[in-house]
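As structure tokens, the structure follows; a few thoughts come after it.
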Amino acid sequence: MRILFASSEARSLIKTGGLADVSADLPTALSELGHEVRLVLPAYLDSKAKHAWKKLGTLALPPPFPPVEVLEGILPDSQVSVWLIDAPLYFDRAGNPYLSPDGHEWPDNHLRFGLFGQAIADLALGGAPTHWRPDILHCNDWQTGLAPALLSDRPHRPGCVFTIHNLAYQGLFPRSAFDELELPHHLWNPEALEFYGQLSFIKGGIAFADRLTTVSPTYAREILTPEQGGGLEGLLAKRANVLTGILNGIDTHLWDPRHDRFIAHLYDPTDRAAKAVNTSALRTALGLENIASLPLLAHIGRLVEQKGIDLILTALEPLLAAGRAQAVILGSGEKRFEQGLEKLAMRYPRMIATRIGYDEALAHRIEASADAFLMPSRFEPCGLNQMYSLRYGTVPIVRRTGGLADTVIDASPEALLEGKANGFVFDEISSAALSVAIERALDAWHKPDLWAALVAAGSACECDWRTRAREYVELYRRML
Ligand code: ADP
């Protein structure tokens, strides 16, 4: 099959979150399964600088957009061809693809991703300059949402899949943006792009794609509820017959403690003593007191309300104060959480190390060192770090939501008996519920046989992309 995969980020070129991992790994896995894949992204300044690109030709776009250049290259470490949409006025900006350096959304995001959506739609029809007609167009998140809408009344368009990676980000703009984009009038209606008087990019995908997917079976059910549907639960319910949840995989080469190029000591996840060498090295490197008799708890992620970082701060303090656990946290995001973390680190400098920023190498070292990983997310479409943790012998402590519910199996007596338990799961969104789960984990950590059973079950997790990519191929086939 010929698959055009459209996304606003892909690891190695540009990354702000899990979308970048999926958009690098799924096209790679599809291409390894023998499919012809093209990945299309905006030509951000940083992505252009990272690689050699060849000019393929000019793509003429309808007003209000200027013509754009299509650049061609290869996604690093893969066979996947990449097309970058080069529109310097829109994308030649350093740093984050969505936010200006002061942390606000770029004021012309509707134009930037409007242009991107239009370019995707045109490429999907296979004309100049690519002359490559895909069987399937696979769009991802609101930044690509206009493409399915623009293609909806075109004959000979490819089958269109739209994947929701996080419904909390919908691409909402005032009505004036709809006019500025010169979108067809019939799209301004509640069955199409209008969302309570605003323009919704994500509705373009949800209303018009032939098939909808999201990144875990549980999240696929959750987004049909008012609590998690973000106002789109009604439309999603109407389309529930074409909506499925397919779990994300992880890059099992990049995330493998036996071959990880970032970590001090390679180890087998079931070898607790070998892993402890990394724990000790990280404690020293981050300035923690090297207390091998204490478990090391960790968290890595965007410091936003979704991830429950506030619950972590509250639950950790008494443990650090009582000298019952140590912690390491890596992340960046909202100032209030960054400051909260820094305060905690100043109060207990020997017990908790916090690093504000984005640091891939450190993320690997933390996974290779921590005993348990905290993910008390309020919602979590899929989540990747719990899967990295399972691979690294780091026991996940998670809230039962989205992909966390689908990948982590609580250490209940029954699950332990069946050899399936691989972590600790709690339900209520509260620091008290998180604390109870941490207490259960601390208790298990002091029982070597129990801990070994959890780690063994976790390290056996089948979370490679090849398995997941087959599920997408099956979905594409059913569409054709
Ligand atoms: P989301 O997409 O909601 O941010 P995911 O768990 O799906 O959450 O993916 C986040 C990805 O980004 C993971 O690969 C995680 O390790 C990585 N990540 C997030 N924050 C950081 C950070 N500060 N440093 C390094 N890696 C990070």
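We number each residue from 1, following the sequence as shown. First listed ligand is number 1; within each ligand, the first listed atom is number 1. Hydrogens, waters and symmetry mates play no part in the numbers below; they use all other heavy atoms, side chains included. Given the structure is predicted, the values throughout are model-derived calculations rather than measurements.
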Worksheet entry | Numbered atoms of ligand 1 (with element) below 4.0 Å of G301, judged on heavy atoms | 19 (C), 20 (N)

Worksheet entry | Closest to atom 22 (C) of ligand 1 among Y358, Y169, W255 (heavy-atom distance) | Y358

Practice prompt. Please report which non-hydrogen protein atom sits nearest to atom 10 (C) of ligand 1, along with the residue it belongs to and the distance in Å to one decimal place.
Written response: G18 N, 3.7 Å

Response to the item:
Under 4.0 Å from one or more heavy atoms of G383, ligand 1 contributes atoms 6 (O), 7 (O)

Discussion item. Among all protein heavy atoms in this structure, tell me which lies nearest to atom 4 (O) of ligand 1, with the distance rounded to 0.1 Å.
Written reply: R302 NE, 2.7 Å

Practice prompt. Give the residue and atom name of whichever protein heavy atom lies nearest to atom 16 (O) of ligand 1, and the separation in Å to one decimal.
Written response: N385 OD1, 3.0 Å

Response to the item:
One finds that the ligand 1 atoms under 4.0 Å from a non-hydrogen atom of D21 are 11 (C), 14 (O)

Discussion item. Give the atom numbers and elements of ligand 1 that come within less than 4.0 Å of a heavy atom of G357.
Written reply: 22 (C), 23 (N)

Worksheet item: Do the ring centers of Y90 and F113 come within less than 6.0 Å of each other?
Response: no

Worksheet item: Quick one: does R355 get a heavy atom under 4.0 Å from ligand 1?
Response: no

Worksheet item: Is the closest heavy-atom distance from H165 to ligand 1 below 4.0 Å?
Response: no

Worksheet item: Considering only protein heavy atoms, which is closest to atom 1 (P) of ligand 1, and at what distance to one decimal place?
Response: K307 NZ, 3.5 Å

Discussion item. Using 30° and 60° as the class boundaries, would you call the ring planes of W142 and Y98 parallel, tilted or perpendicular?
Written reply: tilted

Discussion item. Within the 4.0 Å heavy-atom shell around G17, which atoms of ligand 1 are there?
Written reply: 2 (O), 4 (O)

Worksheet item: Does one side chain, of S280 or R283, offer a donor that lies under 3.5 Å from an acceptor on the other?
Response: no

Worksheet item: Which residue supplies the protein heavy atom nearest to atom 24 (N) of ligand 1, what is that atom called, and how far is it?
Response: D359 N, 3.0 Å

Discussion item. Check E334 with R302, please: is the shortest side-chain N to carboxylate O separation under 4.0 Å?
Written reply: no

Practice prompt. Would you check if there is a donor-acceptor pair between the side chains of Y392 and D260 at a distance under 3.5 Å?
Written response: yes

Worksheet item: Quick one: do R365 and E360 make a salt bridge, cutoff under 4.0 Å?
Response: no

Item to complete: Under 4.0 Å, heavy atoms only, figure out whether ligand 1 is touched by the backbone of I300, its side chain, both or neither.
Response: side chain

Worksheet entry | Donor + acceptor pair across side chains of Q386, T407 (<3.5 Å) | yes

Worksheet item: In the protein, what heavy atom is nearest to atom 5 (P) of ligand 1, and what distance, to one decimal place, separates them?
Response: L384 N, 3.9 Å

Worksheet item: Strictly under 4.0 Å, does any heavy atom of G331 approach an atom of ligand 1?
Response: yes

Worksheet item: Does a side chain donor of either E9 or S23 reach within less than 3.5 Å of an acceptor in the other side chain?
Response: no

Practice prompt. Look at D210 together with R239 and state whether they make a salt bridge at an N to O cut-off of under 4.0 Å.
Written response: no

Discussion item. With a 4.0 Å cut-off on N to O distance, would you call R336 and E305 a salt bridge?
Written reply: yes

